[in-house]
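Sharing a structure with you now.
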Number of protein chains: 2
Amino acid sequence: MKIGKGVEWSAHTCALLALLPEGAALAGEALAEFLGLQPTYLAKQLQAMSRAGIVKAKRGVSGGYRLARPAEDISLWDITAAVEGAMPLFRCTEVRRAGPCGAAAAECKRPCAIAAAFRTAESGYREALSTVRLPQIVSEIAAGAAPARKRRITRWVEQNAALAI
Amino acid sequence: MKIGKGVEWSAHTCALLALLPEGAALAGEALAEFLGLQPTYLAKQLQAMSRAGIVKAKRGVSGGYRLARPAEDISLWDITAAVEGAMPLFRCTEVRRAGPCGAAAAECKRPCAIAAAFRTAESGYREALSTVRLPQIVSEIAAGAAPARKRRITRWVEQNAALAI
DNA sequence: GCGGTAATACTCGGATAAGTCTTGTCCGAGTCCTTATGG
DNA sequence: CCATAAGGACTCGGACAAGACTTATCCGAGTATTACCGC
């Protein structure tokens with residue numbers, strides 16, 4: 001019962017990509033360097049997000065990754081689902097059907113009470129994460145960053161972004 | 001990002017234990033038989049719940065497990081935390097501190113925006129599961145069970161419960 | 001000088017191992033009941 | 001016949017393997033650049 005660190009990495013990556021100007025891209029290795037992460041493993045998460053349509057990859061020299069859609073349309077849940085998978089945490093194995101006093105098929109029209117409770121809780125979880133979108137994250141991070149650091153980040157992005165077009 | 005099946009097993013186990021009359025107990029093997037589960041692995045979950053103070057174990061002949069406190073005071077979150085552990089799903093590794101543009105210690109007084117969002121979502125998740133307590137589960141299961149099955153369950157409990165005192 | 005082409009350097013993408021956690025299993029510790037024995 | 005104590009059977013508890021998933025890594029596929037060659 002834990003979320004892989006790939007989700008955290010991917011969220012920070014998307015927050016960084018949201019800073020890029022229109023059309024610009026950042027290579028996977030550059031992203032890993034900026035965030036102080038292992039390039040090879042981050043690449044795996046970037047692939048997952050690429051498949052999910054969160055980021056758009058561009059191959060070749062001066063290629064890299066950029067957001068595939070407006071930052072406003074990317075939530076923390078989108079990232080989590082892309083990297084970690086969207087399957088429910090709780091998996092009902094229909095225990096009520098088994099055993100000497102197991103329920104008949106006719107009694108199982110409605111979902112199991114226990115599974116239903118977990119499903120409701122998870123629904124709230126997804127909803128809460130869906131509410132948080134990239135611009136909010138970016139602005140909150142910016143609010144807590146010192147001006148000197150902001151300037152360094154801006155400079156680094158300008159130096160490392162592949163300005164395609 | 002998934003919850004172990006031990007949580008589901010434990011929840012059904014507690015729902016069954018809630019049916020026992022005061023002072024009665026059910027052996028781990030009997031519980032496993034009723035639910036159609038593997039006795040050895042269910043025993044592991046029962047140990048965890050025993051350590052967490054959800055069930056009370058009694059050794060020896062005609063021993064077994066019973067709820068350690070009123071069913072009203074046992075929630076699905078209690079069971080989940082006992083079996084799965086109460087640690088947060090999302091673990092912040094302070095990515096913002098790393099890399100060439102890492103934040104200084106002074107900028108990290110407040111929690112990371114990403115970690116804060118996940119923490120909020122998880123708080124809601126815990127809250128939702130804490131709301132669901134055993135009597136509610138039991139009544140919902142009873143509402144969906146056919147009368148014949150209810151009688152069989154009552155009979156089985158009477159036959160297999162160790163009526164200590 | 002200019003256009004076309006082939007080589008090249010750089011990037012992503014999927015397939016492939018190592019580590020850690022969940023899942024599954026076993027045997028020893030502890031407790032109560034039963035039974036035998038002596039008074 | 002009753003009290004007591006020893007033995008046995010049954011139960012939980014923690015320590016011990018097997019499998020699955022996360023984590024980590026590599027090399028091949030693809031593309032834009034660039035250099036070179038012919039015209």
Side-chain angles (χ1 to χ4, degrees), chain A residues 1-10 13 17 23-33 37-66 68 80 82-85 87 89-91 93 160-165, chain B residues 1-10 13 17 23-33 37-66 68 80 82-85 87 89-91 93 160-165:
Chain A
M1 187 184 181
K2 62 185 176 64
I3 291 181
K5 64 174 65 169
V7 172
E8 183 189 13
W9 293 13
S10 300
T13 301
L17 289 177
L26 271 173
E29 193 153 1
L31 287 165
E33 184 203 345
L37 306 175
Q38 305 180 19
T40 56
Y41 189 40
L42 180 62
K44 195 173 184 61
Q45 319 305 332
L46 286 166
Q47 287 174 33
M49 286 200 290
S50 177
R51 277 192 294 268
I54 293 177
V55 300
K56 185 88 176 174
K58 185 183 162 190
R59 282 184 163 177
V61 177
S62 74
Y65 293 96
R66 61 182 174 81
T80 303
V83 173
E84 200 77 10
M87 72 181 60
L89 281 72
F90 184 89
R91 297 157 295 169
T93 60
N160 290 85
L163 291 169
I165 299 175
Chain B
M1 186 183 180
K2 61 185 176 65
I3 290 180
K5 65 175 66 169
V7 172
E8 184 190 13
W9 293 12
S10 300
T13 301
L17 289 179
L26 271 173
E29 194 153 359
L31 287 164
E33 184 204 344
L37 305 175
Q38 306 180 18
T40 56
Y41 190 40
L42 180 62
K44 197 176 183 62
Q45 319 306 332
L46 287 166
Q47 287 175 33
M49 286 199 291
S50 177
R51 276 192 295 267
I54 293 177
V55 301
K56 186 89 176 172
K58 184 183 163 189
R59 283 184 163 177
V61 176
S62 75
Y65 293 96
R66 60 180 175 83
T80 304
V83 174
E84 198 79 10
M87 71 181 61
L89 282 72
F90 184 89
R91 297 157 295 168
T93 60
N160 290 86
L163 291 170
I165 299 176

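Here the structure is a predicted model, which is why all the values come from computation and not from measurement. Proteins get letters first, then strands, A, B, ... in listed order; numbering begins at 1 in each. Excluded from the calculations below are hydrogen atoms, water molecules and symmetry mates; all remaining heavy atoms, backbone and side chain alike, are included.
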Residue A/Gln38, side-chain atoms from C-beta onward, closest of C/dG24, D/dA24, C/dC33: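 It is D/dA24.
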
A/Asn160 versus A/Leu26, closest heavy-atom pair with distance: O-CD2, 3.5 Å

Nearest to side-chain heavy atoms of B/Gln47, which nucleotide of D/dT31, D/dG14, C/dC33: D/dG14

Shortest side-chain distance from A/Lys2, nucleotide among C/dC21, D/dG13, C/dG24: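 Nearest to the side-chain atoms of A/Lys2, counting from C-beta on, is C/dC21.
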
A/Met49 vs A/Val83, side-chain contact (heavy atoms from CB on, under 4.5 Å): CA-CA, chis, key distance, verdict: CA-CA 6 Å; A/Met49 286 200 290; A/Val83 173; 4.0 Å; yes

For atom CD of B/Glu33 and atom C1' of D/dC10, their distance in whole Å: 16 Å

Whole-Å distance separating the NZ atom of B/Lys5 from the C1' atom of C/dT23: 7 Å

Nucleotide of C/dC32, D/dG13, D/dA24 approaching B/Ser62 most closely (side-chain heavy atoms):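 Nearest nucleotide to the side chain: C/dC32.
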
A/Arg59, nearest nucleotide to its side chain (from C/dT22, D/dT31, D/dG13): D/dT31

Whole angstrom value for the distance that separates C1' of C/dC12 from NZ of A/Lys56: 13 Å

Residue met sooner reading DNA chain D from 5', once A/Ala43 and B/Gly60 are mapped to nucleotides: B/Gly60

Which nucleotide in C/dC12, D/dC12, C/dT23 has an atom nearest any side-chain atom of A/Ala27: C/dC12

Nucleotide C/dT22, atom P - distance to CD of B/Glu84 in whole Å: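 These atoms are roughly 6 Å apart.
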
Given D/dT33, D/dG13, D/dA24, the nucleotide with the shortest approach to the side chain of A/Tyr41: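 Shortest atom-to-atom distance from the side chain points to D/dA24.
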
Phosphate-side-chain proximity, A/Arg51 and C/dG14, N/O vs OP1/OP2 below 4.0 Å: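 Checking C/dG14 against A/Arg51, a side-chain N or O does come within under 4.0 Å of OP1 or OP2.
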
Close side-chain approach of A/Lys2 and B/Met87, heavy atoms under 4.5 Å: no

Value in whole Å for how far the P atom of C/dT22 lies from CD1 of A/Ile3: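 Result: 14 Å.
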
Rounded interatomic separation in angstrom, taking CE from A/Met87 and C1' from D/dC21: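 So the CE-C1' distance, A/Met87 to D/dC21, works out to 11 Å.
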
Close side-chain approach of A/Tyr41 to A/Lys5, heavy-atom, < 4.5 Å: yes

B/Leu17 CG to D/dC12 P, straight-line distance once rounded to whole Å: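 After rounding, the reported distance stands at 11 Å.
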
Closest-nucleotide 5' rank along DNA chain D - winner of A/Trp9 and A/Val61: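 Of the two residues, A/Trp9 wins.
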
B/Gln45 and B/Thr13: CA distance, side-chain angles, deciding distance, side-chain hydrogen bond (donor to acceptor under 3.5 Å, both in side chains) verdict: CA-CA 10 Å; B/Gln45 319 306 332; B/Thr13 301; over 6 Å; no

Touch class at under 4.0 angstrom, heavy-atom based, for B/Lys44 against every strand present: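 It contacts base atoms.
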
Protein-nucleotide distance (B/Glu29, atom CD; C/dC27, atom P), rounded to Å: 15 Å

